[in-house]
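Data first, discussion second: the structure below is written as structure tokens.
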Amino acid sequence: MPKLQANGIELFYDIQGTGEPLLLIPGFACDSAHWDLLIPSLVAQYQVIRIDNRGIGQSSAPDSPYSIKQMAEDAAVLLEHIGVSKVHVAGHSMGGQIAQELVLAHPEKVNSLMLLATFASCDRRLCSIIETLGDLPRILDPEAYFYVVLPWAVSEDFYSTPGAIEEALKFQLEYPFPPTPQGLYYQSRAIINSDTLDRLPRISCPTLVLVSQQDILTPIKFSEQLAQGIPNAELVILERGGHDFLIDAPDAVASAMLKFLAKTR
């Protein structure tokens, strides 16, 4: 699988499909595989580029601080490496923070922006949650950590689906590229230290802000703040799914993304 040297680390990426390029940036504690359930819908119309952020998956996880701006530059180097001059960008949660910094630093590279279950700046409550989620992998085993994170990530519908939790746990424990405690720690601190709120008016490309009304980790107020700050941004609120609606409601998310992308053509 393809990797490149970028900004002092080894960066993993994957490309599938043909058409206009679409970059997918995953969130905290998640790598490129987190988009798997959306891929069949997206690759039917787009060249889908996925990346493992630094600190996760098959990319390097250096034992030193990361920043959201740094991860955005990793993505910019990837685009240059594969010869993509302009791309649609979708980021989920922390990936949405990275997507904001990417378009702010390189507006000429971004055709459109999709910000999924994300925010410009975390408030005191969210910072406290993220800080804790970054600390716990150093003291909990992977199964215990899974059960701590899951209620923040998925909806009540997911909990009531027979076998869903057991299947998700099995996937997590058997995954060949598990996150490292230091990778999760430094990603969590990057999230807390990022703030684009005052710079949102500089984002000029077509923008979709997508959130679920059942998201208890990054509730609707954060998406409303993004939509109000970014000129002409479109806010869409899904009825289904929790914060991790890439797993919880993938068909609804893919449908909203494709509907938005169709408008940008």
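This structure is a prediction, so every number in the text was calculated from the model and none was measured. Note that these values count all heavy atoms, side chains included, but never hydrogens, waters or copies made by symmetry.
- The number of heavy-atom neighbours closer than 6.0 Å to NZ of K170, taken from other residues, nucleotides and ligands shown, is 12 or below.
- The shortest side-chain heavy-atom distance between D215 and F245 does not fall under the 4.5 Å cut-off.
- No donor-acceptor distance shorter than 3.5 angstrom exists from the side chain of D244 to the backbone of V154, with no hydrogens or angles considered.
- Two residues are said to be in side-chain contact when any heavy atoms from C-beta on lie closer than 4.5 Å; Y159 and L150 meet this criterion.
- More than 12 heavy atoms of other shown residues, nucleotides or ligands fall within 6.0 angstrom of atom CD in Q16.
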Discussion item. side-chain contact (heavy atoms from CB on, under 4.5 Å) for Q214 and D248? Distances and angles first, verdict last.
Written reply: CA-CA 11 Å; Q214 299 185 56; D248 215 344; over 6 Å; no
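- Under the 30°/60° scheme for interplanar angles, the aromatic rings of H92 and W35 are found to stand perpendicular.
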Report all side-chain donor-acceptor pairs from residues 123-132 shorter than 3.5 Å, counting only partners two or more places apart or in another chain.
{"from": "D123", "atom 1": "OD1", "to": "R125", "atom 2": "N", "distance (Å)": "3.3"}
{"from": "D123", "atom 1": "OD1", "to": "L126", "atom 2": "N", "distance (Å)": "2.9"}
{"from": "D123", "atom 1": "OD2", "to": "K221", "atom 2": "NZ", "distance (Å)": "2.8"}
{"from": "R125", "atom 1": "NH2", "to": "I216", "atom 2": "O", "distance (Å)": "2.6"}
{"from": "T132", "atom 1": "OG1", "to": "S128", "atom 2": "O", "distance (Å)": "2.9"}

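- Considering only heavy atoms from C-beta on, N111 stays 4.5 Å or farther from C205 through its side chain.
- Taking every heavy atom of both residues into account, I68 and S194 meet most closely at CG1-CB, 3.5 Å.
- The local environment of NZ in K69 is sparse, with at most 12 non-hydrogen atoms from other residues, nucleotides or ligands closer than 6.0 Å.
- Remark: the backbone N or O of P26 is paired with a side-chain donor or acceptor of N53 at under 3.5 angstrom.
- F222 and L113 end up in the same hydrophobic cluster when Ile, Leu, Val, Met, Phe, Trp and Tyr side chains are linked at under 4.5 Å.
- More than 12 non-hydrogen atoms from other residues, nucleotides or ligands lie less than 6.0 angstrom from CD of Q213.
- A side chain to side chain contact (heavy atoms under 4.5 Å, CB included) with V48 holds for exactly one of D14, L24, I15; it is L24.
- In this structure, the side chain of Q70 engages the main chain of S67 through a donor-acceptor pair within 3.5 Å.
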Discussion item. What verdict does the side-chain contact (heavy atoms from CB on, under 4.5 Å) test give for L210 and L238, after you've listed the backbone C-alpha separation in whole Å, the side-chain angles of each residue and the deciding distance to 0.1 Å?
Written reply: CA-CA 7 Å; L210 186 66; L238 299 180; 3.8 Å; yes
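- Nearest heavy atoms, P250 versus L37: CB-CB, 3.6 Å.
- If you take CG on D74 and CD1 on I9, they are separated by 4.5 Å, rounding to the nearest 0.5 Å.
- Taking the side chain as every heavy atom from C-beta outward, R54 and N7 approach each other to under 4.5 Å.
- Remark: E239 CD is loosely packed, at most 12 non-hydrogen atoms of other residues, nucleotides or ligands lying under 6.0 Å away.
- The side-chain heavy atoms of K86 and V110, taken from C-beta on, include no pair separated by under 4.5 Å.
- The two atoms that bring S155 and G241 nearest to each other are CB-C, 3.9 Å, heavy atoms only.
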Item to complete: Apply the test side-chain contact (heavy atoms from CB on, under 4.5 Å) to residues E20 and Q45: give CA-CA distance (whole Å), side-chain angles for both, the deciding distance (0.1 Å), then the verdict.
Response: CA-CA 8 Å; E20 294 181 35; Q45 299 184 43; over 6 Å; no
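- Here OH of Y13 is found 9.0 Å from CG of L11. Values are rounded to the nearest 0.5 Å.
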Considering only distance and modelled atom types, tabulate donor-acceptor pairs under 3.5 Å from the side chains of residues 93-104, sequence neighbours left out.
{"from": "S93", "atom 1": "OG", "to": "H243", "atom 2": "NE2", "distance (Å)": "2.9"}
{"from": "Q97", "atom 1": "NE2", "to": "I191", "atom 2": "O", "distance (Å)": "3.3"}
{"from": "Q100", "atom 1": "OE1", "to": "T196", "atom 2": "OG1", "distance (Å)": "2.4"}
{"from": "Q100", "atom 1": "NE2", "to": "G96", "atom 2": "O", "distance (Å)": "3.2"}
{"from": "Q100", "atom 1": "NE2", "to": "F119", "atom 2": "O", "distance (Å)": "3.0"}
{"from": "E101", "atom 1": "OE1", "to": "R199", "atom 2": "NH1", "distance (Å)": "3.0"}
{"from": "E101", "atom 1": "OE2", "to": "R199", "atom 2": "NH2", "distance (Å)": "2.7"}

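- The SG atom of C30 sits 7.5 Å away from atom CD1 of I247, with the distance rounded to the nearest 0.5 Å.
- Taken to the nearest 0.5 Å, the CE atom of M71 stands 11.0 Å off from the OG atom of S59.
- Listed by chain and residue number, nothing satisfies the salt bridge (charged side-chain N to carboxylate O under 4.0 Å, His left out) test with D63 (two or more places apart in sequence, or in another chain).
- Checking side-chain atoms of D52 against main-chain N and O of Q58 turns up a donor-acceptor pair under 3.5 Å.
- Put simply, F146 and I56 are part of two different groups of oily side chains (I, L, V, M, F, W, Y) that touch within less than 4.5 Å, one to the next.
- Within the structure, the ring pair (Phe, Tyr, Trp, His ring centres under 6.0 Å) test picks out the following pairs touching residues 166-201 (sequence neighbours left out): Y66-Y186, F171-Y175, Y175-F177.
- Under the 4.5 Å side-chain heavy-atom criterion for ILVMFWY residues, no single connected hydrophobic cluster contains both M114 and V84.
- Checking side-chain atoms of S212 against main-chain N and O of R240 turns up a donor-acceptor pair under 3.5 Å.
- Not a single donor-acceptor pair under 3.5 Å links the side chain of R50 to the backbone N or O of I39.
- For Y147, there are no ring pair (Phe, Tyr, Trp, His ring centres under 6.0 Å) partners two or more places apart in sequence or in a different chain.
- In the hydrophobic clustering of ILVMFWY residues, with side-chain heavy atoms under 4.5 Å counting as a link, W152 and I192 come out together.
- Between V236 and V209 there is no side-chain heavy-atom pair separated by less than 4.5 Å.
- Taking CD1 of I25 as the reference point, atom CG of L78 lies at 9.5 Å (rounded to 0.5 Å).
- In this structure, Q47 CD and L22 CG are separated by 9.5 Å, a value rounded to the nearest 0.5 Å.
- Summarising the geometry of G229 relative to P231, their closest heavy-atom pair is O-CD, 3.6 Å, with the distance given to 0.1 Å.
- Panel note: side chain T207, backbone I203; no donor-acceptor pair is recorded below 3.5 Å.
- Following chains of ILVMFWY side-chain contacts shorter than 4.5 Å, one can reach L23 starting from L4, so the two form part of one hydrophobic cluster.
- Nearest heavy atom pair, residue P201 against residue D198, reads CD-O, 3.7 Å.
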Fill in: Trace of the side-chain contact (heavy atoms from CB on, under 4.5 Å) decision for L246 with L38
CA-CA 7 Å; L246 303 185; L38 282 76; 4.1 Å; yes
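- Counting heavy atoms from C-beta on, the side chains of L235 and I237 come closer than 4.5 Å.
- Using a 4.5 Å cut-off on side-chain heavy atoms (C-beta onward), L184 and F28 make contact.
- For the pair G183 and A61, the tightest heavy-atom approach, listed with the atom from each and the gap, is CA-CB, 4.5 Å.
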Extract all donor-acceptor atom pairs below 3.5 Å that involve side chains of residues 257-265 and protein atoms in other chains or at least two apart in sequence.
{"from": "K263", "atom 1": "NZ", "to": "E234", "atom 2": "OE1", "distance (Å)": "3.2"}
{"from": "K263", "atom 1": "NZ", "to": "E234", "atom 2": "OE2", "distance (Å)": "3.2"}
{"from": "T264", "atom 1": "OG1", "to": "L261", "atom 2": "O", "distance (Å)": "2.7"}
{"from": "R265", "atom 1": "NE", "to": "Y46", "atom 2": "OH", "distance (Å)": "3.4"}
{"from": "R265", "atom 1": "NH2", "to": "Y46", "atom 2": "OH", "distance (Å)": "3.2"}

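- In the displayed structure, D141 atom CG is contacted under 6.0 Å by more than 12 heavy atoms of other residues, nucleotides or ligands.
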